[in-house]
Amino acid sequence: MLKRTCNCGQLRIGDAGKKVILSGWVDSYRDHGNLVFIDLRDREGITQLVFNPETQQEMHKLSRQLRCEWVIAASGTVRHRGEGLVNPKLATGDIEVLIDELEILNSAETPMFELQNADAVAEETRLKYRYLDLRRPKMQDILRVRHKVTKVARDFFDSKGFWEIETPFLGKSTPEGARDFLVPSRLCAGSFYALPQSPQLFKQVLMVSGVDKYFQIVRCFRDEDPRADRQAEFTQIDVEMSFVESDDVIKVHEQLVAKIWKEILGVDVKLPIRRMTYQQAMDDYGNDKPDLRFDMKLKDISDIARDCQFKVFADTIQKGGVVKGLCATGGGVKFSRSDIEKTFTNVVTAFGAKGLAWFKVIKGEQGGVDLSSNLVKFFTPEQRKAIIEKFQAKPDDLLLFVADKVVGANKALAPLRLKVGRDLGLIDDKAYELLWVMDFPLFEWNDKENRYDSLHHPFTAPVPEDIGKLDTDPGNIRSQAYDIVVNGSEIGGGSIRIHQPQIQAKVFDLLKITKQQAEDRFGFFLQALKFGAPPHGGIAFGLDRLVMFLTGTDNIRDVIAFPKTQKGQCLLTDAPSSVDQAQLDELNLRVQSHH
RNA sequence: GGGGCCGUAGCUCAAUUGGAUAGAGCAUCGGACUGUCGAUCCGAAGGUUGAGGGUUCGAUCCCCUUCGGCCUCGCCA
């Protein structure tokens with residue numbers, strides 16, 4: 001076999017005259033009867049091979065058999081292309097290789113789709129023939145970026161004294177959180193392992209074990225419905241540190257983020273990354289992961305709308321709700337009535353709002369400013385003026401409002417803000433706006449179950465000043481949790497953990513986890529806390545979402561080599577599939593058919 | 001569990017109000033061609049319209065069931 005001496009992306013004009021051997025896949029062929037051109041592709045690039053019957057008659061004849069995706073090796077001489085023949089689309093476009101020997105290593109059936117046009121091909125087909133799809137330069141770039149991110153992370157953590165330690169995949173099922181993937185045990189008939197939703201407790205135990213600084217690039221499993229940015233199995237960069245406070249964790253990891261941005265994108269992230277409280281984020285943007293590439297803050301006009309004649313507004317506020325909205329600069333002329341009453345209204349109703357109220361800002365009398373809409377009659381001139389002032393609105397702006405309980409209003413307005421921002425062209429695709437969201441509430445009230453739920457997870461520590469409120473005012477305890485957000489998407493989050501058994505017990509109490517339940521589920525961990533647990537905390541980054549950002553895709557399946565469909569199936573291997581009765585017998589399982 | 005979009009040749013799409021032998025580009029196969037680079041030119045072949053059922057003289061089109069893909073609400077401590 002001809003052994004390659006260089007790859008398909010490296011030859012340049014300075015290599016002219018060299019004897020080289022290349023191998024790869026036939027990307028395309030152009031057969032002129034006499035001259036034959038082959039674009040040879042490997043993961044590094046494309047190089048043009050030339051077969052000339054005058055210099056090598058036999059090889060030229062052989063080359064005419066070549067078809068797309070055949071695998072070949074060829075030796076020849078690098079030479080300049082002639083005047084006017086360079087191909088600026090290729091990095092190697094100044095040269096070509098005149099071939100004197102061709103070895104066909106393997107033929108290939110005609111691909112199910114043309115690799116060049118695969119962006120237009122149904123994803124179903126791409127996933128079924130994933131090995132073809134992954135051959136495309138675009139997909140290989142993503143694989144390369146993913147590799148580089150993990151390499152940067154490993155080097156970074158190593159340099160800071162972190163150890164990479166593996167934790168079990170076969171673990172214990174706990175009913176909280178996401179649905180578990182279960183694995184039946186053969187040796188313990190009738191018992192099940194659960195695949196980890198995250199290595200949370202193991203990494204905390206490692207801190208009790210004196211490991212001090214741990215990280216792991218680890219697969220996690222959650223049996224919930226997938227989304228465009230969510231897969232049932234996904235990868236976390238998981239970290240835990242001892243003897244730290246929030247600030248220490250944050251400072252280390254913004255260095256990591258800066259390093260990744262620099263190495264992958266060549267972008268300098270200015271440190272420190274800005275911080276915002278959870279409350280500020282909810283007030284101004286309606287969610288805990290604001291997209292700061294554009295401003296457009298939400299404003300609460302309840303103080304003004306309380307006394308207006310518009311019943312929907314007044315009644316909502318009367319019942320303890322709010323009227324909140326945003327100002328779309330220039331939206332009064334940019335958007336049609338159908339944009340507002342159909343498109344925008346659909347956005348908010350899809351997220352549970354009852355409706356959307358709107359006003360156009362117009363020039364008023366005597367050079368003033370006023371509002372115009374079918375609701376204007378319900379507002380006094382003073383109220384209209386106050387609303388305009390609240391937003392510093394100008395003529396041609398559009399004001400959009402939702403009236404609801406504050407949670408509901410935020411839930412509807414946050415996506416509306418994004419939609420309006422996009423439609424107004426306010427979002428710079430090349431910008432990266434990073435921020436830390438801080439001071440999350442420790443608990444949120446669960447109406448259905450009549451108890452508190454952890455916002456983050458039950459091992460998150462309260463901020464020290466708020467510990468007293470565990471007994472008096474649990475709903476207003478802030479936690480030492482932090483999320484890192486980029487362009488409106490959470491890429492990581494973590495917290496300082498509880499390391500005192502008494503506080504952990506109180507938290508379980510508020511979550512209505514009984515002593516017995518806590519013992520059954522986390523007994524080993526509570527025990528560990530009693531044996532000298534150091535103060536500790538950590539963070540986890542979603543590697544898949546990180547790579548999505550770095551490669552500019554909005555589809556998580558693009559950044560996973562072998563992803564699953566929305567039904568959790570692998571179209572390449574056809575998993576999941578039924579198994580032999582003998583396998584079931586061995587596991588003491590019986591399959592029950594539905595209905 | 002709910003809502004929405006989609007499924008026609010290997011791929012991407014078309015097909016009038018329900019009407020004749022379901023078309024086109026690319027790919028494939030054959031032929032021509034010495035500088036192409038998404039080569040070009042000539043020709044050929046290629047169909048269970050996702051599957052099953054129904055309505056109809058007649059169904060890609062209408063109805064029902066079902067399978068699959070994507071987006072989304074719920075869900076995701």
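Please read these numbers as outputs of a predicted model, since none were measured by experiment. Labels below follow one simple rule: chain letters A, B, ... track the order of the sequence lines, proteins then strands, and each chain is numbered from 1. Heavy-atom basis, side chains included; hydrogens, waters and symmetry copies ignored.
Across B:G68, B:C76, B:U12, the shortest atom-to-atom separation from the side chain of A:A122 is found for B:U12. Nearest to the side chain of A:M112, among B:G74, B:G10, B:G68, sits B:G10. Proximity note for A:Y29 (side chain, C-beta onward) versus B:C70, B:C29, B:C76: the nearest is B:C29. The side chain of A:D31 lies closest to B:C33, out of B:C33, B:G35, B:C71. The A:L85 side chain lies nearest to B:C37 when the options are B:C37, B:G68, B:A39.
Applying the 4.0 Å criterion to OP1 and OP2 of B:A77, one finds that A:R222 has a side-chain N or O inside that range. Regarding contacts with the backbone of B:G74, a side-chain N or O of A:K411 is found under 4.0 angstrom from either OP1 or OP2. Of the side-chain N and O atoms in A:K89, none sit less than 4.0 angstrom from OP1 or OP2 of B:C37. Side-chain nitrogen and oxygen atoms of A:Q116 include none within less than 4.0 Å of the OP1 or OP2 phosphate oxygen of B:C11. An OP1 or OP2 oxygen of B:C70 is reached within less than 4.0 angstrom by no side-chain nitrogen or oxygen of A:R227.
Rounded to a whole angstrom, the distance from the P atom of B:A22 to that of B:G50 is 15 Å. The same atom, P, is picked in B:C5 and in B:C62; the two are 13 Å apart, to the nearest Å. For the P atoms, the distance from B:A9 to B:G3 is 29 Å, rounded to whole Å. Here, B:U72 and B:C64 have their C1' atoms 26 Å apart, quoted to the whole Å.
Taking the six-membered ring for Trp and thresholds of 30 and 60 degrees, A:F459 and A:H457 have ring planes inclined between 30 and 60 degrees apart.
One donor-acceptor pair, N or O on each side, does fall under 3.5 Å between the base of B:C37 and the side chain of A:R81. Within 3.5 Å, a donor on the side chain of A:E96 pairs with an acceptor on the base of B:G35, or the reverse. Counting distance only, with no hydrogens placed and no angle test, the side-chain atoms of A:Q48 and the base atoms of B:U36 include a donor-acceptor pair under 3.5 Å. Checked by distance alone, A:R230 brings a side-chain donor or acceptor within 3.5 Å of a matching partner on the base of B:C75. With hydrogens and angles ignored, a donor-acceptor pair closer than 3.5 Å exists between the side chain of A:R79 and the base of B:G35.
Using a distance-only test at 3.5 Å, with no hydrogens or angles considered, a donor-acceptor pair links the side chain of A:T345 to the main chain of A:I340. The closest donor-acceptor contact from the side chain of A:R64 to the backbone of A:V36 lies at 3.5 Å or more, if one exists at all. Under a 3.5 Å cut-off, the side chain of A:R130 and the backbone N or O of A:A561 do form a donor-acceptor pair.
Residue-nucleotide stacking is present for A:H32 and B:A39, judged by a side-chain ring centre under 5.5 Å from the six-membered base ring centre and planes under 30° apart. Under the stacking definition used here (centres under 5.5 Å, planes under 30°), the residue A:F37 qualifies as stacked on the base of B:U36.
Salt bridge annotation for A:D141-A:K138: absent, with no cationic side-chain nitrogen under 4.0 angstrom from a carboxylate oxygen.
One can place CG of A:L98 at 17 Å from C1' of B:C37, the figure rounded to the nearest angstrom.
Here CD1 of A:I513 is found 7.0 Å from OG of A:S454. Values are rounded to the nearest 0.5 Å.
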